[in-house]
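The chains referred to below are lettered A, B, ... by the order of the sequence lines, with proteins before strands, and numbering in each begins at 1.
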2 protein chains.
Amino acid sequence: MKPSVGIRDVAQHAGVSNATVSNVLNRPDVVAPATRQRVLAAIAELGFVRNESARQLRAGRSRVIAYVVLDAANPFFTDVARGVEDAAREAGLALFLCNSASDDSREREYLELLHEQRVEGILITPVDGASAQFAERGTPLVLVDRESTDGTRCSVAVDDVLGGELAVTHLIEAGHTRIAMIGGPLSIQQVRDRHEGALRALAGAGLPPDALTLLETKDLQVAEGRGAGERLVGLPSSRRPTAAFCANDLLALGLLQSMTQQGLRVPDDLAVVGYDDIDFAAAAAVPLTSVRQPREQLGRTAAQLLLTENEPDHEHRHVKFQPELVVRASSAVKR
Amino acid sequence: MKPSVGIRDVAQHAGVSNATVSNVLNRPDVVAPATRQRVLAAIAELGFVRNESARQLRAGRSRVIAYVVLDAANPFFTDVARGVEDAAREAGLALFLCNSASDDSREREYLELLHEQRVEGILITPVDGASAQFAERGTPLVLVDRESTDGTRCSVAVDDVLGGELAVTHLIEAGHTRIAMIGGPLSIQQVRDRHEGALRALAGAGLPPDALTLLETKDLQVAEGRGAGERLVGLPSSRRPTAAFCANDLLALGLLQSMTQQGLRVPDDLAVVGYDDIDFAAAAAVPLTSVRQPREQLGRTAAQLLLTENEPDHEHRHVKFQPELVVRASSAVKR
DNA sequence: CTCAGCCGTTAAAACGTTTCAACATGGAGG
DNA sequence: CCTCCATGTTGAAACGTTTTAACGGCTGAG
């Protein structure tokens with residue numbers, strides 16, 4: 001079951017030295033065709049599988065990068081991951097996905113493990129800005145969808161302030177003057193930025209800051225969106241917002257569902273704008289207006305940045321993408 | 001940047017031998033408290049990170065399992081993965097996720113890599129039943145959401161024939177006599193099984209087999225569901241089905257969206273039943289009736305099975321779960 | 001004072017590769 | 001006939017751990 005056939009078994013079987021076998025594996029061109037065939041035959045016959053640990057130990061390289069993702073159940077991140085993987089495989093690297101599930105200690109454990117594995121590099125969307133202090137351990141590390149505050153490493157992010165501004169400006173132009181912002185917790189940088197963008201939009205339109213009601217949520221999942229919907233409907237109708245800007249699409253989908261359940265129509269009774277533009281947003285029964293982030297490109301760029309990390313004259317870069325508003329039925333112009 | 005501080009640097013710094021450092025790392029109880037402290041201090045001071053490759057090479061063990069997932073963008077699989085991860089971490093193992101994205105060659109590459117990495121075990125939802133011939137390479141491997149045809153390895157699956165039967169029986173009892181089945185390609189075992197279940201339900205109710213119209217799709221994504229919706233509406237109303245059973249929830253969501261876009265109501269004009277009961281199904285604007293698979297438990301069980309693989313008297317087992325129908329608004333009883 | 005037994009520590013041998021300098025072989029050029 | 005070079009191949013030394021058997025010092029019993 002575990003015969004553990006090694007390179008020297010192959011060598012012996014093919015009547016060559018182990019160095020030659022290694023050459024066949026790593027620099028096939030340097031070995032004579034006849035010998036190469038013989039070695040390959042022996043490999044196939046013995047069912048030899050190269051031991052990556054040994055290889056890595058000796059060679060130092062590892063051919064693997066990892067992406068520590070914040071929430072594998074959020075389609076936004078799986079889309080980012082797809083971009084990462086495409087770029088990685090173009091560079092001949094494989095991608096391991098690790099799910100921190102928004103859990104501090106899981107994140108730490110995975111980082112530790114990845115360091116021990118000596119992966120070629122790490123991409124991470126960290127759990128929280130606060131604890132984002134990663135001990136420098138010699139493994140290149142790039143932040144994804146977070147901006148590196150100190151200039152100590154590369155990062156790829158999206159301008160969330162602008163995103164918030166786009167969303168709320170759109171709602172204002174559609175005629176809304178009482179708007180809810182749904183999202184939380186505020187400890188998350190993204191949420192703060194999008195909120196700030198929303199406020200900026202009000203200011204730009206000459207509306208008072210209290211035109212925006214903040215409904216804070218515990219997390220960014222569908223269930224919280226439903227809860228927020230109930231809270232919203234519970235407000236006295238004179239003060240109830242006519243539009244809602246959600247910090248991500250999961251919340252928006254929850255909100256949407258809550259509205260239909262309570263017999264309210266979207267967008268007539270409440271206009272809704274989400275954030276991320278995940279595929280389910282377009283596929284919702286009331287297609288969701290959303291702020292699109294370049295998901296695949298985010299991942300792709302992050303991976304490319306990572307690859308430049310161990311160039312000799314590397315300087316840390318901070319790429320920032322522009323979000324884009326995608327208007328759909330959920331925020332049709334108010335009559 | 002890459003000082004590569006090793007165990008013997010630590011040893012020297014703490015004034016002990018490298019064996020003692022190794023003991024501190026692996027069997028802390030066996031070394032005197034005073035020495036242990038000194039070694040730990042040295043480790044911290046030098047920022048030593050154990051080299052997993054070397055450890056693994058010598059010790060043979062690896063503390064990592066992997067799940068090669070069919071489609072990381074499908075919430076069903078991320079939920080299964082969550083179950084896998086929970087079980088893995090209880091056993092002190094970490095989980096690497098690999099996304100084959102329904103691509104044969106990616107799947108092969110990842111399997112090869114994982115074998116080379118000498119991971120402790122592999123879980124896989126393979127791309128296709130046909131090519132599911134994995135060369136036995138000594139790494140334990142368990143099939144997830146697929147049944148092992150030959151008895152050569154463990155598998156964890158769900159009774160898809162029963163699932164199809166439940167879904168269609170439910171529609172028949174609600175008064176429908178013209179039913180569409182949407183799904184494909186038929187090369188996928190799951191789709192075939194669910195279709196068979198649907199036919200069985202017809203037979204059980206005394207309906208002729210042509211009461212079921214099969215609309216075959218190219219894959220199981222949202223877009224194909226939308227397309228099927230258009231095909232469906234294009235049928236002459238005398239022959240148009242009044243209910244649809246979709247092979248998974250993504251298709252069902254696409255179908256739902258297509259219906260609303262075309263001004264048809266669900267369930268009044270068309271009742272819809274999905275499959276998988278992903279969270280987005282309940283969160284859809286018309287909450288989706290769906291066949292629930294025990295997603296987390298599927299993953300959890302698969303992981304546990306994997307752990308038993310290298311017990312001396314191991315026998316391959318095939319666990320099969322029962323699906324369960326969850327009735328929601330999308331299939332309310334026909335008046 | 002000796003000896004057995006225990007405890008903590010250590011030297012050295014693996015683990016399976018890659019890599020580098022050195023080595024055969026044989027033909028071309030002088 | 002000698003030298004030189006090119007082409008293929010090889011022996012042996014790493015890589016950084018874990019592990020095993022042996023070791024020295026100390027304690028308490030005889």
Side-chain angles (χ1 to χ4, degrees), chain A residues 2-40 42-43 46-64 112-113 115-119 137-139, chain B residues 2-40 42-43 46-64 112-113 115-119 137-139:
Chain A
K2 294 233 174 193
S4 194
V5 25
I7 208 176
R8 48 198 341 140
D9 300 300
V10 175
Q12 190 175 352
H13 196 264
V16 295
S17 85
N18 35 357
T20 299
V21 178
S22 176
N23 280 335
V24 169
L25 257 31
N26 302 302
R27 309 203 269 309
D29 46 305
V30 89
V31 46
T35 328
R36 192 191 319 157
Q37 290 311 325
R38 207 148 27 98
V39 171
L40 287 176
I43 287 179
L46 272 58
F48 163 77
V49 178
R50 177 217 255 116
N51 184 327
E52 179 68 22
S53 303
R55 169 198 179 79
Q56 190 174 323
L57 173 60
R58 174 63 228 229
R61 268 158 283 142
S62 105
R63 296 155 58 237
V64 173
E112 183 68 25
L113 181 67
H115 277 125
E116 292 183 355
Q117 293 268 357
R118 299 290 192 276
V119 295
R137 291 259 208 20
T139 308
Chain B
K2 294 232 174 196
S4 197
V5 26
I7 208 175
R8 48 199 339 141
D9 301 297
V10 174
Q12 190 175 353
H13 196 265
V16 295
S17 84
N18 35 0
T20 299
V21 178
S22 176
N23 280 334
V24 169
L25 258 32
N26 302 302
R27 310 204 269 311
D29 46 306
V30 90
V31 46
T35 328
R36 194 193 317 159
Q37 290 310 327
R38 206 151 26 98
V39 171
L40 288 176
I43 288 179
L46 272 59
F48 163 76
V49 178
R50 177 217 256 116
N51 185 325
E52 179 68 21
S53 304
R55 169 200 179 77
Q56 189 174 322
L57 173 59
R58 174 61 228 224
R61 266 158 283 141
S62 104
R63 296 154 58 238
V64 173
E112 184 68 24
L113 181 66
H115 276 126
E116 291 183 355
Q117 293 269 358
R118 299 291 194 273
V119 294
R137 291 261 208 20
T139 308

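Scanning both residues, Asn18(B) and Ala11(B), for their nearest heavy atoms gives N-CB, 3.5 Å. Heavy atoms only, all atoms of each residue included: Ser62(B) and Val119(B) are closest at OG-CA, 3.5 Å. Taking every heavy atom of both residues into account, Leu57(A) and Ser53(B) meet most closely at N-CB, 4.2 Å. Nearest approach of Gln56(A) to Gln117(A), heavy atoms of both residues: NE2-O, 2.6 Å.
One interatomic measurement links the two molecules: CZ of Arg55(A) to P of dC15(C), which rounds to 21 Å at whole-angstrom precision. The interatomic distance linking Gln56(B) (CD) with dT17(C) (P) rounds to 13 Å, in whole Å. Atom CD1 of Ile7(A) and atom C1' of dT19(C) are 12 Å apart (whole Å). The distance between atom CG of Asp9(B) and atom C1' of dT17(D), rounded to the nearest whole Å, is 13 Å. Atom-to-atom, CD of Glu52(A) to C1' of dC15(C) comes out at 15 Å; the value is rounded to the nearest Å. The nearest whole Å value for the distance from the CG atom in Asn51(B) to the P atom in dT17(C) is 16 Å. The CD atom of Gln12(A) sits 15 Å away from the C1' atom of dG16(C) (whole-angstrom rounding).
Between the side chain of Arg27(A) and the backbone N or O of Val24(A) there is no donor-acceptor pair closer than 3.5 Å.
Evaluation of atom-type donor-acceptor distances gives a pair under 3.5 Å for the side chain of Arg58(A) against the base of dT18(C).
Within the structure, a side-chain polar atom (N or O) of Asn26(A) is placed less than 4.0 Å from OP1 or OP2 of dT18(C). For dG16(C), the OP1/OP2 oxygens have no side-chain nitrogen or oxygen of Ser53(A) closer than 4.0 Å. Close to dC15(D), at under 4.0 Å from its OP1 or OP2, lies no side-chain N or O of Arg118(A). For the OP1/OP2 pair of dT19(D) and a distance below 4.0 Å, the side-chain nitrogens and oxygens of Arg61(B) include at least one atom meeting the criterion.
For Ser22(B), whose side chain is taken as the heavy atoms from C-beta onward, the closest listed nucleotide among dT18(D), dT19(C), dT17(D) is dT18(D). Nearest to the side-chain atoms of Arg27(B) among the listed nucleotides dT18(D), dT19(D), dT19(C) stands dT19(D).
The existence of a salt bridge linking Arg63(B) and Glu52(B) is confirmed by a sub-4.0 Å separation between a basic side-chain nitrogen and an acidic carboxylate oxygen.
By the 6.0 Å contact criterion, CD on Gln12(B) is open, its count of non-hydrogen atoms from other residues, nucleotides or ligands being 12 or less.
Over its length, the helix from dC1(C)-dG30(D) to dG30(C)-dC1(D) turns its helix axis by 60°, as judged from the five terminal pairs at each end, rounded to 10°.
The shortest distance between side-chain heavy atoms of Val21(A) and Arg8(A) does not fall below 4.5 Å. Taking 4.5 Å as the limit, some side-chain heavy atom of Leu25(B) sits within range of a side-chain heavy atom of Ile43(B). The shortest side-chain heavy-atom distance between Arg38(B) and Val31(B) does not fall under the 4.5 Å cut-off.
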Whether each nucleotide of nucleotides 5-10 of chain C has a protein heavy atom under 4.0 Å at its base (B), only at its sugar-phosphate (S) or at neither (-) is summarised, 5' to 3', as ---SSB
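At the heavy-atom level, Arg50(B) lies under 4.0 Å from the strands shown only through sugar-phosphate atoms.
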